[in-house]
Undergrad: 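Dropping the structure in here first, questions after.
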Amino acid sequence: MGSDTIADIITSIRNADMYRKSVVRVASTNISQSIVKILLREGFIENVRKHRENNNSFLVLTLRHRRNRNRKRTYRNILNLKRISRPGLRIYSNYQKIPRILGGMGVVILSTSRGIMTDREARLERIGGEILCYIW
């Protein structure tokens with residue numbers, strides 16, 4: 001765990017998905033809870049539960065995997081996550097210039113003055129903010 005909690009969450013989820021793990025455990029913070037809530041609502045993960053161990057809170061995520069009938073093929077990841085804004089280089093956008101991922105099929109997660117939300121919600125409320133990550 002480093003100082004960039006959002007990158008830690010994204011990396012943990014990406015690694016678990018790449019190695020076909022069904023469960024991943026991430027640290028529970030306000031930002032991680034908001035991001036996980038968006039992932040759950042958009043259908044990228046199946047289930048979330050809180051776990052407490054030695055005065056530390058964790059979120060236990062159940063990932064959604066694509067089942068291949070033909071096992072000879074290589075495994076394709078369901079989740080593609082990319083961190084955009086980082087502590088060394090913050091990326092901001094107004095609501096008119098929020099990028100569309102795969103023509104609207106992907107999700108952009110933004111940190112706005114009204115909390116963490118998706119690109120669709122930000123466009124509806126006509127507010128911009130810091131672009132945290134892309135998910136497709």
Side-chain angles (χ1 to χ4, degrees):
M1 293 294 217
S3 62
D4 189 7
T5 58
I6 299 170
D8 291 339
I9 295 165
I10 290 172
T11 303
S12 298
I13 294 172
R14 187 185 310 121
N15 288 342
D17 187 51
M18 188 169 49
Y19 289 108
R20 298 184 191 182
K21 301 287 183 187
S22 60
V23 175
V24 63
R25 193 171 87 163
V26 296
S28 177
T29 62
N30 289 336
I31 294 173
S32 66
Q33 289 176 3
S34 300
I35 291 173
V36 166
K37 201 178 294 183
I38 289 173
L39 289 173
L40 184 65
R41 187 176 51 210
E42 294 291 327
F44 290 108
I45 58 176
E46 282 185 21
N47 192 11
V48 178
R49 71 176 197 272
K50 269 194 165 180
H51 181 69
R52 191 167 182 89
E53 183 178 302
N54 298 335
N55 282 340
N56 293 329
S57 293
F58 296 99
L59 294 173
V60 179
L61 313 176
T62 305
L63 299 180
R64 182 170 300 215
H65 289 291
R66 186 179 302 160
R67 289 170 178 74
N68 286 340
R69 293 180 190 206
N70 186 0
R71 300 221 181 234
K72 294 179 184 175
R73 281 194 227 159
T74 59
Y75 177 72
R76 286 189 61 190
N77 294 347
I78 267 197
L79 281 174
N80 290 308
L81 298 112
K82 184 176 182 187
R83 176 81 159 116
I84 301 302
S85 186
R86 50 193 171 87
L89 179 64
R90 303 286 185 185
I91 307 294
Y92 296 95
S93 176
N94 62 9
Y95 76 95
Q96 296 160 331
K97 294 184 181 178
I98 297 173
R100 294 184 192 274
I101 306 303
L102 293 178
M105 296 293 289
V107 177
V108 178
I109 296 180
L110 294 128
S111 176
T112 66
S113 58
R114 296 187 193 154
I116 295 178
M117 60 179 64
T118 64
D119 56 337
R120 288 184 286 275
E121 295 168 346
R123 282 191 198 98
L124 284 174
E125 294 190 26
R126 300 175 68 103
I127 55 174
E130 180 183 356
I131 300 175
L132 297 178
C133 61
Y134 298 157
I135 305 166
W136 70 96

Undergrad: Check the surroundings of atom CG in N30: do more than 12 heavy atoms from other residues, nucleotides or ligands lie under 6.0 Å from it?
TA: no
Undergrad: Following the transitive rule for hydrophobic clusters with a side-chain heavy-atom cut-off under 4.5 Å over Ile, Leu, Val, Met, Phe, Trp and Tyr, establish whether I31 and I91 coincide in one cluster.
TA: no
Undergrad: Apart from V23 itself, what residues make up its hydrophobic cluster, given side-chain heavy atom links below 4.5 Å?
TA: V60
Undergrad: Are I131 and I10 grouped together when hydrophobic residues (ILVMFWY) are joined by side-chain heavy atoms under 4.5 angstrom apart?
TA: no
Undergrad: Can you sort out the partners of S32 under side chain to side chain donor-acceptor pair (under 3.5 Å), two or more places apart, ordered by chain and number?
TA: T29
Undergrad: Does a side-chain N-to-carboxylate-O contact under 4.0 Å join R86 and E130?
TA: no
Undergrad: Check the hydrophobic clustering (I, L, V, M, F, W, Y; side-chain heavy atoms under 4.5 Å; chains of links allowed) and say if I84 and M105 are grouped together.
TA: yes
Undergrad: Going by side-chain hydrogen bond (donor to acceptor under 3.5 Å, both in side chains), name the pairs with one or both residues in residues 95-104, residues two or more places apart or in two chains.
TA: Y95-R126
Undergrad: Is any side-chain N of the basic residue among E42 and R120 closer than 4.0 Å to the acidic one's carboxylate O?
TA: yes
Undergrad: Could you go through the side-chain contact (heavy atoms from CB on, under 4.5 Å) check for I13 and L39 one step at a time?
TA: CA-CA 11 Å; I13 294 172; L39 289 173; 3.8 Å; yes
Undergrad: Minimum heavy-atom separation for L110 and G129, please, with both atom names.
TA: CD2-O, 4.0 Å
Undergrad: Determine the sole option in I45, I35, L61 for which the side chain to side chain contact (heavy atoms under 4.5 Å, CB included) test with L40 is passed.
TA: I45
Undergrad: Is the shortest distance from a Lys or Arg side-chain nitrogen in D17 or K21 to a carboxylate oxygen in the other one below 4.0 Å?
TA: no
Undergrad: Which heavy atom of S28 sits nearest a heavy atom of Q33, and at what distance?
TA: OG-NE2, 2.8 Å
Undergrad: Should Y134 and F44 be regarded as members of a common hydrophobic cluster, given that ILVMFWY residues are connected when their side-chain heavy atoms come within less than 4.5 Å of each other, either directly or indirectly?
TA: no
Undergrad: Are M117 and V108 in one and the same hydrophobic cluster, where Ile, Leu, Val, Met, Phe, Trp and Tyr link if side-chain heavy atoms are under 4.5 Å apart?
TA: no
